[in-house]
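Side-chain atoms are counted along with the backbone in the values below, which use heavy atoms only and exclude waters and symmetry mates. Here is how names work: the chains are called A, B, and so on, in the same order as the sequence lines, proteins then strands, and each is numbered from 1.
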Amino acid sequence: MIVKTLRASNFRLLEEFSFEFRGGLNVIEGPNATGKTTILEAIGYCLRGKSMLGSQDIDAVSFGKDSFYLRTDFDQTTKSRVEVSFNGRKSVLLDGKPVRTSRALLEAFKVVTITPNSSLVAVGPPSHRRELLDDTASQISPVWSAVISDFRVALSERNLALKNDKPQKLVDVMTLDFIALSKKLREARLEVARMINSFMEKANTRMDFSPLHPIEIDDFARLLPAERARGMTLIGPHRDDCFFVLDGKRVDKFASTGEARSVMLTVKIAQADLISKVSGIEPLLLADDLLAELDRERQEEALKLLSKYCQSFLTCACKTPEGSYNLIRTGQ
Amino acid sequence: MNYPVKAFQELVDNLHKLPGIGPKTAERLSLFILGMDPEEARKISDAIGKLHERVKRCPVCFNLSDGGECPVCLDEKRDHSVVLVVEEAKDVLAIERAGSFSGVYHVIGGTIRLASGIGPEKLNIDGLIARVRNGGIKEIILATNLTHEGNLTAMYIKKELDGIDVEISRIASGIPIGTELEFADGVTLTESIKGRVHLTKE
């Protein structure tokens with residue numbers, strides 16, 4: 001899958017723009033605040049129907065405007081274009097047909113994003129690593145993707161029931177539902193962690209995921225008073241810990257900034273290769289400001305890594321090292 | 001879009017509230033209504049205006065009715081010992097169109113979704129339990145949607161029916177009849193293989 005063109009109207013800094021891209025690596029180079037990240041976000045928006053930065057649709061509208069429009073055209077036989085428009089209500093069209101759930105986009109397009117915050121996957125709180133596992137799982141299996149979205153609803157509904165002192169009968173039913181989904185989610189995460197490890201190029205980096213708490217009906221019966229008192233679900237996959245191990249040491253405890261970045265890159269590449277192998281669709285790589293904080297040698301290494309994919313995008317505020325890539329300049 | 005004529009603006013804004021009607025369609029419909037015979041236009045507005053006061057709920061099954069029990073509940077030829085539980089009145093319409101179900105219905109009016117303020121007490125579940133307790137019902141078919149919320153609501157109703165002597169079933173899930181496998185989504189395919197039906201040897 002290759003994004004050939006992107007058209008954007010009133011999307012953040014891009015009031016009226018059109019870009020052409022090529023297969024392989026596309027480098028978007030320009031000074032700060034000229035819309036480099038916005039271009040990546042616009043592509044991400046078309047592939048996922050929402051912001052990869054987690055922001056609200058309304059916040060993506062250019063200042064002083066009331067709607068935005070995005071369109072990407074692909075060089076691919078099965079799907080040829082996505083349009084996203086927002087004017088108070090959002091509409092996502094895949095080849096002209098409305099997309100109701102994000103699942104259709106997840107099945108059609110695979111994406112791996114690297115942002116300046118991505119190092120948190122190595123050294124941040126476990127939620128970042130759970131998110132990595134869940135994102136990978138949803139991209140390789142529609143069944144897992146359904147489990148993940150149902151699990152999130154089940155968890156927040158159960159928390160609401162506990163917080164609002166709902167009758168025990170309802171909590172009991174929700175507990176059974178939560179346990180069933182939790183088990184499926186843990187199976188998915190264990191399997192994805194195992195697969196990511198098998199795709200890790202550097203053998204000294206591993207992901208360690210071993211859920212701590214058992215989640216059987218008895219465990220919830222025992223915890224019920226505490227859960228009622230605190231108004232939240234105290235055990236389950238939303239609390240599972242997982243971490244990376246580099247040369248036998250826990251990355252989240254002992255890694256330097258540089259090591260964290262390099263673990264993150266190894267993991268993201270493993271994620272991309274895994275998604276490509278299992279789903280049969282090459283993912284698009286969106287790398288925001290990846291070269292910052294890397295020395296010259298590592299920068300060249302990163303460029304080489306990104307070039308091996310069907311299509312990748314990299315933003316860069318400084319002069320990008322020489323290489324064979326399509327250069328797009330912003331702010332001119 | 002802002003229009004200089006206030007009455008026109010009001011109609012466009014109101015039509016835009018309907019599902020599937022964008023600003024352009026709302027404008028086109030408004031222009032069409034403006035071009036209609038005023039009497040015809042009034043008929044539309046009357047039908048909309050009186051809808052809420054004229055459409056009632058059946059006191060037994062909460063299906064739509066003109067007042068009093070609905071035609072299904074009044075029909076003596078139907079099997080009143082089998083009750084099919086659905087989320088909305090539109091589900092009754094769909095099943096009635098298929099014309100193959102001869103039992104009666106119970107419309108619970110939605111699904112449990114605490115995030116939207118809908119707990120079981122907001123649904124017509126108590127009415128269903130009371131109906132079953134009154135006797136004469138052999139089977140309850142839980143036909144809430146096959147979504148996460150629909151399943152949870154079905155599980156809840158089953159829990160509420162605990163201890164009452166009645167058979168409880170859930171509608172099947174799988175590949176739609178008359179379609180090809182390659183167009184089914186992954187979740188449906190997986191579920192339909194899991195829930196496969198064994199063919200007996202002749």
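- The number of heavy atoms from other shown groups lying within 6.0 Å of CZ (Arg89(A)) is above 12.
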Task: Steps toward side chain to side chain contact (heavy atoms under 4.5 Å, CB included) verdict (Asp150(A), Asn151(B)) - done: CA-CA 11 Å; Asp150(A) 288 351; Asn151(B) 286 334; over 6 Å; no

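- For the atom pair CG (Leu181(A)) and CG (Leu152(B)), the distance works out to 9.5 Å, reported to the nearest 0.5 Å.
- For chain B, the nearby parts of Ala154(A) are the backbone and the side chain; heavy atoms of each come within less than 4.5 Å.
- Under a cut-off of 6.0 angstrom, the local environment of CD in Glu53(B) is crowded, with over 12 non-hydrogen atoms contributed by other residues, nucleotides or ligands.
- Only the side chain of Lys166(A) comes within contact range of chain B, with at least one heavy atom under 4.5 Å from a heavy atom of that chain.
- Counting heavy atoms from C-beta outward, Ile112(B) and Val173(A) have side chains that stay 4.5 Å or more apart.
- Annotation: Lys184(A), atom NZ; neighbour count of heavy atoms from other residues, nucleotides and ligands within 6.0 Å does not exceed 12.
- The shortest non-hydrogen separation linking Asp177(A) to Met155(B) is N-CE, 3.9 Å.
- For a residue to count as touching a neighbouring chain, one of its non-hydrogen atoms must lie under 4.5 Å from one of that chain's; by this rule Glu191(B) does not touch chain A.
- The shortest non-hydrogen separation linking Pro142(A) to Gly186(B) is CG-CA, 3.7 Å.
- One finds a salt bridge joining Asp172(A) and Lys159(B) here, because a Lys/Arg side-chain nitrogen approaches an Asp/Glu carboxylate oxygen to under 4.0 Å.
- Atom CG of Asp37(B) has more than 12 neighbouring heavy atoms from other residues, nucleotides or ligands inside a 6.0 Å radius.
- With a 4.5 Å cut-off on non-hydrogen atoms, Ala146(A) touches chain B through its side chain but not through its backbone.
- Closest approach of Leu114(B) to Met174(A), counting heavy atoms only: CD1-CE, 3.8 Å.
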- [ ] For Glu157(A) and His148(B), run side chain to side chain contact (heavy atoms under 4.5 Å, CB included): C-alpha distance rounded to whole Å, both residues' side-chain angles, the deciding distance at 0.1 Å, then the answer.
- [x] CA-CA 11 Å; Glu157(A) 286 283 293; His148(B) 176 239; 5.8 Å; no

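- Contact of Asp66(A) with chain B is not made at all, since no heavy-atom distance falls under 4.5 Å.
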Open item on the list: Please determine whether side chain to side chain contact (heavy atoms under 4.5 Å, CB included) holds for the pair Arg103(A) and Val187(B), giving the CA-CA distance in whole Å, both sets of side-chain angles, and the decisive distance to 0.1 Å.
Closed with: CA-CA 10 Å; Arg103(A) 214 167 287 161; Val187(B) 182; 4.2 Å; yes

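- Taking a 6.0 Å sphere around CG of Asn134(B), one finds it holds more than 12 heavy atoms contributed by other residues, nucleotides or ligands.
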Open item on the list: Run Arg113(B) and Val153(A) through side chain to side chain contact (heavy atoms under 4.5 Å, CB included) and show every step you take.
Closed with: CA-CA 9 Å; Arg113(B) 181 84 197 220; Val153(A) 174; 4.2 Å; yes

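- Neither the backbone nor the side chain of Leu189(B) comes within less than 4.5 Å of any heavy atom of chain A.
- Only the side chain of Asn87(A) comes within less than 4.5 Å of a heavy atom in chain B; its backbone stays farther off.
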